[in-house]
Structures are given as C-alpha cells and as structure tokens.
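The structure under discussion appears below in the form of structure tokens.
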Amino acid sequence: MHISTKCSIAIHCLIFIHEYGEDKRVTSELVSLSTGCNPVSIRNIMSALKKNGILSVKSGKGGATLACPLEEISLYRICMAVEPNFLEKLIGIHASPSPFCPIGKNIHAVLETPYKRIQEDLEHSLSSITMKEIVENYHNAVAKG
C-alpha cells in the first residue's frame, strides 16, 4: 500500500511555489529542476491543482501562485486533486476469490467494514494536516541545515 508519488511531487511544487511564487515566475520547467521530474508531469500536476482551486496559473508565459491560504490546503485535498481515486487504489480486495470456498465466498463482505474504517481514518488524518504545517516543517529543516 502506498500513496502515489504524485502527491509528494504536488507537495514539493506547492512548497516551491509558496517560497518563490511571489518574487519569481514559477514555471513547470523551473519546478522540474527542483523536483527532478519531467516538466510535462509537473504541468499535469499543476493543472490538477489549478482545477481544485489550489493554484493560480497565468496564461501565456506562465507563472504559478497559490490561490488560497496554506491553512486551506490539506494533504487530503492535494491527494484528491492529483489522484482522485487514491483511496480506492490504496486498499483493495483481490478480485477473484473462489466461490466454492467459504472464505473465498465471504472475504469481500468480511473485509468491507474494516477497510472502509481504515479509509475513513486515513481521510481524517490527511485532512488534519495542512500545507501550513508542511511549510513550517520545511523551514525547520532548512534552519537545521
């Protein structure tokens, strides 16, 4: 189980845009140098963040800025923006258990409730962490050297 790397790349982009977006023209090419990702991948992620109302991207020569305060950008919102079905992909049940085995016949019903609870707990946890906290963590890491 894992959360897609698109989420960590999106967070990386948002920190970069927060730190430099007001003073510099932040483009996908510039962010790609920091993330180590292809500019096309960065554009796709930035487009998803823009559609969610997290980013504002200028047309033409480009340049991205945050479209809302850091406190309004939760990790859940970011993950849902760049990977809308990430929760379903995170926890799955094998598709073809034997209908002739008592366990195989019932495994979906057995796991449905606990897996749903895990998804709800994860959603709550990701919703409680905002970019404000992430940016503070970044500043603390920079200060420590």
Side-chain angles (χ1 to χ4, degrees), residues 1-21 25-142 144:
M1 294 190 304
H2 75 283
I3 294 177
S4 165
T5 56
K6 285 182 183 180
C7 295
S8 63
I9 295 166
I11 293 165
H12 188 134
C13 293
L14 291 171
I15 295 170
F16 192 94
I17 291 165
H18 176 265
E19 294 296 306
Y20 302 109
R25 187 171 59 89
V26 177
T27 63
S28 56
E29 288 79 14
L30 185 59
V31 176
S32 74
L33 295 172
S34 178
T35 62
C37 296
N38 184 303
V40 173
S41 298
I42 299 300
R43 279 192 286 280
N44 290 335
I45 288 170
M46 289 172 72
S47 174
L49 294 171
K50 180 182 176 186
K51 285 178 189 169
N52 189 276
I54 296 171
L55 283 185
S56 174
V57 181
K58 296 174 187 166
S59 299
K61 290 188 175 186
T65 56
L66 296 180
C68 57
L70 293 175
E71 301 83 24
E72 294 179 15
I73 308 170
S74 70
L75 294 188
Y76 179 74
R77 184 175 176 187
I78 295 165
C79 290
M80 288 299 289
V82 299
E83 193 84 31
N85 59 349
F86 84 99
L87 281 175
E88 291 79 26
K89 289 171 128 183
L90 190 62
I91 301 173
I93 302 173
H94 50 297
S96 302
S98 171
F100 305 109
C101 171
I103 298 166
K105 184 170 32 178
N106 292 291
I107 194 67
H108 284 252
V110 169
L111 293 176
E112 185 176 322
T113 299
Y115 280 12
K116 179 71 173 157
R117 208 168 86 213
I118 291 167
Q119 287 180 345
E120 289 168 355
D121 289 347
L122 180 58
E123 181 180 336
H124 174 70
S125 182
L126 289 170
S127 294
S128 71
I129 302 168
T130 67
M131 280 303 298
K132 181 178 184 200
E133 182 180 338
I134 299 293
V135 168
E136 287 171 0
N137 291 345
Y138 163 72
H139 287 149
N140 290 335
V142 169
K144 289 180 183 175

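These numbers were taken from a predicted model, which means no experiment stands behind them.
Nearest heavy-atom pair, G53 versus A67, reported as atom, atom and distance to 0.1 Å: O-CB, 3.4 Å. Nearest heavy-atom pair across S74 and S127 is CB-O, 3.6 Å. Residues A95 and H108 approach most closely at O-NE2, 4.4 Å, considering heavy atoms. Nearest heavy atoms, S32 versus P39: OG-CG, 3.6 Å. Summarising the geometry of S34 relative to H12, their closest heavy-atom pair is OG-NE2, 2.7 Å, with the distance given to 0.1 Å.
Between E136 and K132, the closest side-chain pair of non-hydrogen atoms falls below 4.5 Å. When side chains are defined from C-beta on, C13 counts as touching I42, because their heavy atoms get closer than 4.5 Å. With a 4.5 Å cut-off on side-chain heavy atoms, M46 and I17 count as touching. A heavy-atom distance below 4.5 Å is not found between the side chains of L55 and T65. Residues N52 and I78 fail the side-chain proximity criterion, which asks for heavy atoms closer than 4.5 Å.
Residue-environment remark: CD (E112) stays at or below the threshold of 12 foreign heavy atoms within 6.0 Å.
Atom CG of L87 is separated from atom CG of L126 by 7.5 Å, given to the nearest 0.5 angstrom. Distance CD1/I134 to CD1/I15: 6.5 Å, rounded to 0.5 Å. Note that CD1 of I129 is 14.0 Å distant from OH of Y76, once rounded to the nearest 0.5 Å. How far OH of Y115 is from CG of L90: 10.5 Å, rounded to the nearest 0.5 Å. We find the CD1-CG distance between I73 and L14 to be 5.5 Å, quoted to the nearest 0.5 Å. Between H139 atom NE2 and N137 atom CG the span is 10.5 Å, to the nearest 0.5 Å.
Using a distance-only test at 3.5 Å, with no hydrogens or angles considered, a donor-acceptor pair links the side chain of N38 to the main chain of V40. Between the side chain of S47 and the backbone N or O of R43 there is no donor-acceptor pair closer than 3.5 Å. Without hydrogens or angle criteria, H124 side chain to Q119 main chain gives no donor-acceptor distance under 3.5 Å. Listed for the S128 side chain is a donor-acceptor partner under 3.5 Å among the backbone atoms of S125.
Applying the salt bridge (charged side-chain N to carboxylate O under 4.0 Å, His left out) definition to pairs two or more places apart or across chains, those involving residues 64-88 are K6-E83, E83-K89.
The only member of L33, L30, T35 that meets side-chain contact (heavy atoms from CB on, under 4.5 Å) when paired with F16 is L30.
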Steps toward side chain to side chain contact (heavy atoms under 4.5 Å, CB included) verdict (I11, M131): CA-CA 8 Å; I11 293 165; M131 280 303 298; 4.1 Å; yes

